[in-house]
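Proteins come first, then strands; the chains are lettered A, B, ... in the order of their sequence lines, and each starts at number 1.
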2 protein chains.
Amino acid sequence: MKRSKKILFQEFIARKGLKSTRQRGTVLESFLSSDNHMSTEDLYLKVREKNPNIGYATVYRTLKLFAEAGIAREIHFGDGQTRYEHVAEGEHHDHLICTRCGAVTEFENETIERLQSEIAGQFGFVVEKHKLELYGICPKCRK
Amino acid sequence: MKRSKKILFQEFIARKGLKSTRQRGTVLESFLSSDNHMSTEDLYLKVREKNPNIGYATVYRTLKLFAEAGIAREIHFGDGQTRYEHVAEGEHHDHLICTRCGAVTEFENETIERLQSEIAGQFGFVVEKHKLELYGICPKCRK
DNA sequence: CCTCAGTTGAAAATGATTATCAATTTAACC
DNA sequence: GGTTAAATTGATAATCATTTTCAACTGAGG
């Protein structure tokens, strides 16, 4: 699975006529071995541990490539930071976000997905993607 | 109804020990008479038409007050701009966003709302608010 | 009126992200 | 292997939205 992401990225690189570089490899490894929903800054720090010479700009650029290649997805919560999450082919999930501690839980619900297409259809829309975020207090913080 | 928003804001101002100023009045009028989902910049331009002396910072500050007072709500679509929408007491709606022309349609669906609380409950969460955005192509753009 | 805390506008500061550009590296070809 | 053109990199400057700063101003109560 991790292997396949690497291969997917290689294929993307080849298809686009881009080049395979040491830096991109490092960023990819850091990304793949990291938690979901990492901010660009978090990733940058992780990358730095492996190679302190890699610059901020490279991390930004490379993460955008990952999104384009379909192995990562940009997400924006309320704060002014772009985060990236892992994309598991075909799978989609939504987020439960604790407003107290910031913990993010993922979930999936078939019924909601179906309702969404239905509603969109009523307006003549064809849904391409959606975003559903529930904000609240998580069990830990409620205690 | 527009009157009630003004009154709500007055009450908020009083409650917080803040002051009622000409500028705040101007911004409020511009906001109330404007379309939903205006960006701060749009509002700023509208405010300028009425009073070219009002600065950017004041518009920013005042819109935040509106959000605090509960008469406006911040929304963030993908672009890097904060927008504000009108809050009709007790009502909540979600967004259908055309990825081609940017048109925003609002909708409400009781079933989805209920499902959301249900799902959150399964994770032990208590939902405070949520955000649902469907991105797709609107009927006009599909023709 | 007077006073003072709250407000304002202009400009500087901030924080995240993007563009610039000279130096370097990759991939393909000879 | 050496050559070369195009892509990439890192440092830094630039940008964009938003916030802060601060001196001058103003509303509301005494």
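- Between A/S20 and A/Q10 there is a side-chain heavy-atom pair separated by less than 4.5 Å.
- Between the NE2 atom of A/H76 and the C1' atom of D/dA17 there is a distance of 14 Å, rounded to whole Å.
- The stretch residues 13-20 of chain B touches DNA chain D through B/K19, B/S20, each having a heavy atom within less than 4.0 Å of the strand.
- Within the helix from C/dC1-D/dG30 to C/dC30-D/dG1, the inter-axis angle between the opening and closing five-pair segments is 20°, rounded to 10°.
- When each of B/A57 and B/R22 is assigned the nucleotide of DNA chain D with its nearest heavy atom, B/A57 is the one assigned upstream, toward the 5' end.
- Put simply, the side chain of B/Y84 does not reach to within 4.5 Å of the side chain of B/N36, judged on heavy atoms.
- Side-chain N/O atoms of B/E85 and B/H95 include a donor and acceptor closer than 3.5 Å.
- If you check residues 58-67 of chain B against DNA chain D, the residues with a heavy atom closer than 4.0 Å are B/Y60, B/R61, B/K64, listed by number.
- With hydrogens and angles left out, the side-chain atoms of B/Q116 and B/H130 include a donor and acceptor closer than 3.5 Å.
- Side chains of A/Q122 and B/F107 form no contact here, defined as non-hydrogen atoms less than 4.5 Å apart.
- Scanning residues 41-56 of chain A for heavy-atom distances under 4.0 Å to DNA chain C yields an empty list.
- Side-chain contact check for A/K46 versus A/S33: some heavy-atom pair is nearer than 4.5 Å.
- Between A/T82 and A/H76 the shortest side-chain heavy-atom distance falls below 4.5 Å.
- Residue A/Q23 places none of its side-chain N or O atoms closer than 4.0 Å to OP1 or OP2 of D/dT8.
- Here B/T99 pairs with A/E128 under the side-chain hydrogen bond (donor to acceptor under 3.5 Å, both in side chains) rule; sequence neighbours left out.
- With A/I71 as reference, A/L28 is the one residue of A/V87, A/L65, A/L28 to meet the side-chain contact (heavy atoms from CB on, under 4.5 Å) rule.
- In terms of modelled atom types and a separation under 3.5 Å, the side chain of A/R73 and the main chain of A/R83 share no donor-acceptor contact.
- A donor-acceptor distance shorter than 3.5 angstrom exists from the side chain of B/S30 to the backbone of B/T26, with no hydrogens or angles considered.
- In summary, the aromatic rings of B/F31 and B/F66 are positioned with their centroids under 6.0 Å apart.
- When side chains are defined from C-beta on, A/I97 does not count as touching A/L134, because their heavy atoms never get closer than 4.5 Å.
- Looking only at side-chain heavy atoms (C-beta outward), A/N109 and B/E118 stay at 4.5 Å or farther from each other.
- Of the side-chain N and O atoms in A/T21, none sit less than 4.0 angstrom from OP1 or OP2 of D/dA7.
- Mapping heavy-atom proximity under 4.0 Å, the span of DNA chain C touched by chain A runs 5' to 3' from C/dA16 to C/dA27.
- Counting heavy atoms from C-beta on, the side chains of A/E106 and A/D94 never come closer than 4.5 Å.
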